[in-house]
Each structure stands twice: as structure tokens, then as C-alpha cells.
S.K.: 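Attaching a single structure in C-alpha cells format; questions to follow.
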Amino acid sequence: MPLVTTEALETIRRQLAFLSELDRLKSVIRQSPLINRTRRENSAEHSWHLAMFALVLSEHVEDVDALHGNIGKSPG
């Protein structure tokens with residue numbers, strides 16, 4: 001079984017801290033209502049929708065690999 005390096009543990013710690021911060025967006029209610037006007041969305045919902053738009057439409061932009069965070073670089 002491979003040993004986990006200090007660098008890998010630090011990466012995981014930063015990733016978990018980021019995910020924890022993302023979770024806090026659920027409590028931030030935005031001013032704009034949903035398209036159907038039934039309620040206001042929270043910032044987590046808004047961020048999720050933006051991420052999905054970026055992921056789905058990224059194939060139409062040159063030199064963007066949305067899955068790996070490469071912007072302005074050739075994928076791979």
C-alpha cells in the first residue's frame with residue numbers, strides 16, 4: 001500500500017477546505033428570483049448553474065479544458 005505524502009495530504013486539506021467554503025454558499029440568498037419567479041435562488045444554486053453552463057459549452061471555445069481547469073492551454 002503506497003504511503004500518502006505530505007504534499008498529497010496538503011492538497012486534500014485544501015480541497016476539503018474549498019468544498020466546505022462552497023457549502024457555505026447555500027446560506028447566501030441572491031437578490032434575483034428564479035426564471036419562474038417562485039423564489040430566490042441561493043448562491044450555491046447559482047454557482048452550480050454557472051459551472052454546468054461552462055462545462056457544457058466549453059467545447060465551443062478553443063483551448064479550454066473545463067474538466068481540468070486548463071484555460072488558454074491545449075488539453076492534455
Side-chain angles (χ1 to χ4, degrees):
M1 181 174 213
L3 296 175
V4 178
T5 66
T6 303
E7 183 179 338
L9 288 173
E10 178 59 21
T11 297
I12 292 170
R13 187 200 64 74
R14 285 192 318 268
Q15 290 169 330
L16 291 173
F18 175 72
L19 292 171
S20 178
E21 192 68 25
L22 285 178
D23 194 60
R24 291 179 46 190
L25 291 172
K26 293 176 188 174
S27 64
V28 179
I29 304 299
R30 295 175 47 81
Q31 296 299 313
S32 302
L34 297 175
I35 290 174
N36 67 11
R37 305 259 183 222
T38 58
R39 64 181 177 87
R40 298 186 192 284
E41 69 180 350
N42 64 47
S43 284
E45 293 170 309
H46 181 74
S47 298
W48 182 85
H49 282 112
L50 287 177
M52 292 302 101
F53 271 84
L55 183 62
V56 169
L57 298 175
S58 66
E59 70 179 90
H60 303 289
V61 180
E62 191 174 316
D63 294 334
V64 171
D65 181 0
L67 291 177
H68 297 96
N70 296 328
I71 299 173
K73 302 175 189 173
S74 296

S.K.: Please indicate whether E7 has more than 12 foreign heavy atoms, meaning atoms of other residues, nucleotides or ligands, lying under 6.0 Å from its CD.
M.R.: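 Counting other residues, nucleotides and ligands, CD of E7 stays at 12 neighbours or fewer.
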S.K.: Salt bridge (charged side-chain N to carboxylate O under 4.0 Å, His left out) with R37: which residues, sequence neighbours excluded?
M.R.: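 Not a single residue meets the salt bridge (charged side-chain N to carboxylate O under 4.0 Å, His left out) criterion with R37.
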S.K.: Run the side chain to side chain donor-acceptor pair (under 3.5 Å) test against T38 and tell me which residues pass, sequence neighbours left out.
M.R.: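 So T38 forms a side chain to side chain donor-acceptor pair (under 3.5 Å) with N36.
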S.K.: Could you go through residues 46-56 and list every donor-acceptor pair under 3.5 Å that involves a side-chain atom there, pairing it with any protein atom two or more places apart or in another chain?
M.R.:
residue, atom, partner, partner atom, Å
H46, ND1, E41, OE2, 3.0
S47, OG, S43, O, 2.9
H49, ND1, E45, O, 2.9

S.K.: Are F18 and L25 connected, step by step, through hydrophobic side chains (Ile, Leu, Val, Met, Phe, Trp, Tyr) whose heavy atoms are closer than 4.5 Å?
M.R.: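 Result: yes, single cluster for both.
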S.K.: Can you list everything that forms a side-chain contact (heavy atoms from CB on, under 4.5 Å) with D23? Sequence neighbours excluded, please.
M.R.: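 Partners of D23 by the side-chain contact (heavy atoms from CB on, under 4.5 Å) criterion, ordered by chain and then number, come out as K26.
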S.K.: Sequence neighbours excluded, which residues qualify as side chain to side chain donor-acceptor pair (under 3.5 Å) partners of Q15?
M.R.: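 Result, side chain to side chain donor-acceptor pair (under 3.5 Å) vs Q15: none returned.
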S.K.: Start with the C-alpha gap between I29 and N42, add the side-chain angles, then the distance that decides, and say whether side-chain contact (heavy atoms from CB on, under 4.5 Å) holds.
M.R.: CA-CA 4 Å; I29 304 299; N42 64 47; 3.9 Å; yes
S.K.: E21: which residues meet the salt bridge (charged side-chain N to carboxylate O under 4.0 Å, His left out) condition with it, sequence neighbours left out?
M.R.: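 R24.
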S.K.: Could you state the interatomic distance from CG (L3) to CG (L9), rounded to the nearest 0.5 Å?
M.R.: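 The distance works out to 10.5 Å.
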